[in-house]
Colleague: 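Take a look at this one; I'll ask things after.
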Amino acid sequence: MKASILTAVAVVLMGTFVWGPARAQSDERIIRMVVGEQQKMKFKGTTRVSVGNQRVADAKPLGGDAFLLFAVGPGRTTLMVMRQGRSTLTFTVVVHKEDVKGLMAEVKKLLGDREGITIRPIGDRVVLDGLAFTSEDYNRVEEICKLYPSVKSFVKVNPNAKKLVANQLNVAFKSAGLKNVEATVVGTKIFLEGSVESKMDLQKAQMITNAIGEQVENLLTVGIKRMVLVEVDFVEISKQGQDHIGVKWPLDISGSATVSSSYSKSFIGGGEEALDFGASIGGETKFALGMLFTDGYARVLAQPKLVCASGEKAEFMSGGEVPIPMITSMAVKVEYKQFGIIMRIVPTADRHGNIQMTIYVEVSDIDKSLGVTAAGVDFPGFSKSLADTNVTVRHGQTIVLSGLFHHNEGKDLSKVPLLGHIPIIGELFKSRTFREKKSELCVFVTPRIVNPETPKILKMISDIKSRYKRAKDEVGFGIFD
């Protein structure tokens with residue numbers, strides 16, 4: 001009997017010893033919820049979850065270490081999470097029953113007078129909707145939703161507002177002397193692109209963006225823009241040929257005929273009467289026998305070299321301009337149309353040696369067969385080949401633009417009637433002429449990142465100086481001219 005009493009006392013003392021430290025080590029926290037709200041919770045080693053007042057809150061296990069906590073009614077209760085081999089966690093759950101009107105008043109007070117955002121109640125929740133004009137307004141809405149779980153937001157940033165902000169930034173940058181800084185909109189973000197000459201200008205650009213109150217992604221670089229040398233080779237290969245095969249008989253005769261007569265008599269003396277008569281006939285025809293083959297090859301090569309700042313546009317034009325009159329009832333105006341080789345290129349270099357290029361190439365020529373006549377004025381036509389593309393290459397690599405191909409063929413056939421239709425023998429009474437014209441244009445573009453001390457730039461300058469000197473000597477006075 002004494003042994004049983006001692007054993008019971010030992011068990012009680014042992015339980016007190018174990019429960020005391022466990023309770024002392026428990027982590028007490030407060031969970032605030034709204035009626036109808038539920039939260040998913042997970043603690044490592046969870047074996048059992050207990051809620052004191054199930055009229056206030058309730059818990060449902062989800063398997064593993066996770067469980068779902070429900071807010072049933074307003075009030076306060078205790079949540080205990082027992083864990084295997086770990087201390088028990090104790091939480092105080094406070095459930096509120098919010099008044100929608102009071103909640104709307106609080107949200108309006110926090111939101112302030114911000115245009116484009118509407119507030120309306122739906123059930124026991126408050127919904128925010130509309131288009132925010134600035135990122136600051138949008139961020140304020142997000143913070144309110146984090147503060148009040150019963151507030152739901154459908155607010156988005158107005159894309160047109162971003163464009164207006166970007167235009168305001170560009171005007172402010174130009175007024176501040178930052179000509180190489182530009183604000184652009186990509187999606188829902190504003191990016192600052194370009195370069196500034198010093199860190200002071202960089203700080204100036206940052207101050208302008210902060211004054212407008214808009215969050216931007218700053219991609220500005222400090223220093224002078226990179227220079228890009230673009231070497232372009234225009235190669236046009238054309239072939240023109242005319243082949244003549246067969247016999248051309250004299251089916252047509254062309255010529256002239258003249259007849260003349262004269263009569264004379266002397267009125268003084270006894271002269272005799274005289275009558276002269278003359279006639280002449282002349283004609284010609286063409287006769288061809290044999291074969292005639294003619295071919296022509298032409299290779300037109302232009303090699304412009306363009307140096308421009310990264311991100312800027314460079315243009316090249318080799319050709320001419322045709323005046324085209326524009327006649328109206330009030331006045332006559334003349335406009336000039338360019339033709340020849342026209343090239344526009346915008347290279348953009350990054351820090352890693354990649355060069356992105358927007359390339360426009362046009363090769364055109366006057367073609368009278370395409371012209372029209374209006375109001376008694378002949379307007380010329382133009383044959384044109386062009387390419388417009390955007391490519392990215394490494395420093396020193398070459399991109400080839402090809403496939404601008406033209407091919408024209410024609411055939412003339414003449415034969416003697418009846419005889420030319422006889423099989424085999426009829427070939428002696430036929431004549432064929434074949435015409436062919438082919439042309440293909442290839443454009444080779446090689447960009448390089450350079451600076452004034454690059455050997456290639458120095459060599460170009462030296463070559464130009466030597467050519468200028470040689471040309472000056474050729475046009476100067478010479479004793480052997």
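These figures come from a predicted structure and were not determined experimentally. Quick note: residue numbers are just sequence positions, from 1.
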Colleague: Run K337 and E335 through salt bridge (charged side-chain N to carboxylate O under 4.0 Å, His left out) and show every step you take.
Modeller: CA-CA 7 Å; K337 169 68 176 178; E335 293 186 359; over 6 Å; no
Colleague: In Å and rounded to the nearest 0.5 Å, what is the CG to CE distance from L202 to M200?
Modeller: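 Reported to 0.5 Å precision, the distance equals 11.5 Å.
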Colleague: Side chains of I31 and V94, heavy atoms from C-beta outward: is any pair under 4.5 Å?
Modeller: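 Contact flag for I31/V94 side chains = no.
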Colleague: I need the minimum non-hydrogen distance between L192 and F173, along with the two atoms involved.
Modeller: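 Closest approach of L192 to F173: CD2-CE1, 3.6 Å.
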Colleague: Hey, mind stepping through R29 and T92 against side-chain contact (heavy atoms from CB on, under 4.5 Å) and telling me if it holds?
Modeller: CA-CA 6 Å; R29 300 174 184 177; T92 299; over 6 Å; no
Colleague: At their closest point, which heavy atom of V141 faces which heavy atom of S153, and how far apart are they?
Modeller: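 V141 and S153 have their closest heavy atoms at CG1-OG, 3.2 Å.
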Colleague: Passes side-chain contact (heavy atoms from CB on, under 4.5 Å), E231 versus Q303? Steps please.
Modeller: CA-CA 7 Å; E231 298 177 302; Q303 293 179 309; over 6 Å; no
Colleague: Do P447 and P347 have side-chain heavy atoms sitting under 4.5 Å apart?
Modeller: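 P447 vs P347: side chains apart.
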Colleague: Show your reasoning for whether side-chain contact (heavy atoms from CB on, under 4.5 Å) applies to D201 and Q203.
Modeller: CA-CA 5 Å; D201 290 342; Q203 294 176 356; over 6 Å; no
Colleague: Quick one: are R83 and K44 in side-chain contact, heavy atoms under 4.5 Å?
Modeller: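 A side-chain contact is absent here, since even the closest heavy-atom pair is not under 4.5 Å.
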Colleague: If you count the non-hydrogen atoms of other residues, nucleotides and ligands that lie under 6.0 Å from NZ in K305, is the total more than 12?
Modeller: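 Above 12, so yes.
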Colleague: With a cut-off of 6.0 Å (strictly less than), are more than 12 heavy atoms of other residues, nucleotides or ligands near CZ of F67?
Modeller: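 Yes.
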Colleague: Taking R48 for its side chain and M80 for its backbone only, find out whether a donor-acceptor pair lies under 3.5 Å.
Modeller: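 Absent.
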Colleague: Dump the intermediate steps for salt bridge (charged side-chain N to carboxylate O under 4.0 Å, His left out) on K313 and E315, then the final yes or no.
Modeller: CA-CA 7 Å; K313 182 171 68 173; E315 296 185 6; 3.4 Å; yes
Colleague: Can you tell me if S364 uses its side chain to pair, donor with acceptor, with the backbone of G340 under 3.5 Å?
Modeller: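 Checking the backbone N and O of G340 against the side chain of S364, a donor-acceptor pair under 3.5 Å is found.
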Colleague: Looking only at side chains, do E182 and N170 share a donor and an acceptor under 3.5 Å apart?
Modeller: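 Not at all, the side chains of E182 and N170 share no donor-acceptor pair under 3.5 Å.
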Colleague: Return yes if some donor-acceptor pair links the side-chain N/O of N167 with the main-chain N/O of K163 below 3.5 Å, else return no.
Modeller: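 Checking the backbone N and O of K163 against the side chain of N167, a donor-acceptor pair under 3.5 Å is found.
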Colleague: Under a plain distance cut-off of 3.5 Å, with no hydrogens placed, do Y336 and Q338 share a side-chain donor-acceptor pair?
Modeller: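 Judged by distance alone, the side chains do not pair up.
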Colleague: Which heavy atom of V72 sits nearest to which heavy atom of Q54, and what is that distance?
Modeller: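 For V72 versus Q54, the nearest heavy atoms are CG2-O, 3.8 Å.
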Colleague: Just how far is it from atom OG1 of T358 to atom CD1 of I345, taken to the nearest 0.5 Å?
Modeller: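 Here the rounded value is 8.5 Å.
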Colleague: Roughly how far apart are T446 OG1 and D233 CG, rounded to 0.5 Å?
Modeller: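 These two atoms lie 7.0 Å from each other.
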Colleague: Rounded to the nearest 0.5 Å, how far apart are CZ of F91 and CD1 of I30?
Modeller: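 Going from CZ on F91 over to CD1 on I30, the span is 11.5 Å.
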Colleague: For V35 versus G73, what's the shortest heavy-atom pair and its separation?
Modeller: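 Shortest heavy-atom separation between V35 and G73 comes out as CG2-C, 4.0 Å.
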Colleague: With side chains defined as the heavy atoms from C-beta onward, is the minimum distance between P61 and V49 less than 4.5 Å?
Modeller: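 When only atoms from C-beta onward are counted, V49 and P61 do not touch, as no gap falls below 4.5 Å.
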Colleague: Answer whether the closest heavy-atom distance between the side chains of I119 and V107 falls below 4.5 Å.
Modeller: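 Heavy-atom side-chain distance check passes, below 4.5 Å.
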Colleague: Can you list the steps and then say if D388 with I359 is a side-chain contact (heavy atoms from CB on, under 4.5 Å)?
Modeller: CA-CA 6 Å; D388 191 357; I359 304 173; over 6 Å; no
Colleague: Can you name the closest pair of heavy atoms from T348 and G311 and give their distance?
Modeller: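 Of all heavy-atom pairs spanning T348 and G311, the closest is OG1-CA, 3.6 Å.
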Colleague: Any sub-3.5 Å donor-acceptor pair from S318's side-chain atoms to I341's backbone N or O?
Modeller: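 Looks like no, no N/O pair under 3.5 Å.
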Colleague: Report yes if the side chains of V228 and V307 come closer than 4.5 Å at any heavy-atom pair, otherwise no.
Modeller: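 A side-chain contact under 4.5 Å is absent here.
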Colleague: Between atom CD1 of I366 and atom CZ of F339, what is the distance when rounded to the nearest 0.5 Å?
Modeller: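 Answer for the CD1-CZ pair, I366 versus F339, is 4.0 Å.
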Colleague: Out of curiosity, I208 CD1 to L178 CG, how far, rounded to the nearest 0.5 Å?
Modeller: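 Rounded to the nearest 0.5 Å, the CD1-CG separation comes to 5.5 Å.
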Colleague: Are V400 and V443 side-chain neighbours, meaning at least one heavy-atom pair lies under 4.5 Å?
Modeller: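 Not touching, per the 4.5 Å side-chain cut-off.
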Colleague: Quick one: does Q397's side chain have a donor or acceptor within less than 3.5 Å of a partner on R394's backbone?
Modeller: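 Yes, the answer is positive, given that a donor and an acceptor are paired below the 3.5 Å cut-off.
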Colleague: Any sub-3.5 Å donor-acceptor pair from R114's side-chain atoms to L111's backbone N or O?
Modeller: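 Yes; judged by distance alone, with no hydrogens or angles, the pair exists.
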Colleague: Is a side-chain donor or acceptor of S310 paired with a backbone partner of A349 at a separation under 3.5 angstrom?
Modeller: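 Pair found, side chain donor or acceptor close to backbone of A349.
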Colleague: If you define the side chain from C-beta out and look only at heavy atoms, does anything of N390 sit under 4.5 Å from Q356?
Modeller: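 N390 reaches Q356 side chain to side chain.
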Colleague: Without swapping roles, check the side chain of H395 against the backbone of I449 for a donor-acceptor pair under 3.5 Å.
Modeller: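 Judged by distance alone, yes, a pair lies under 3.5 Å.
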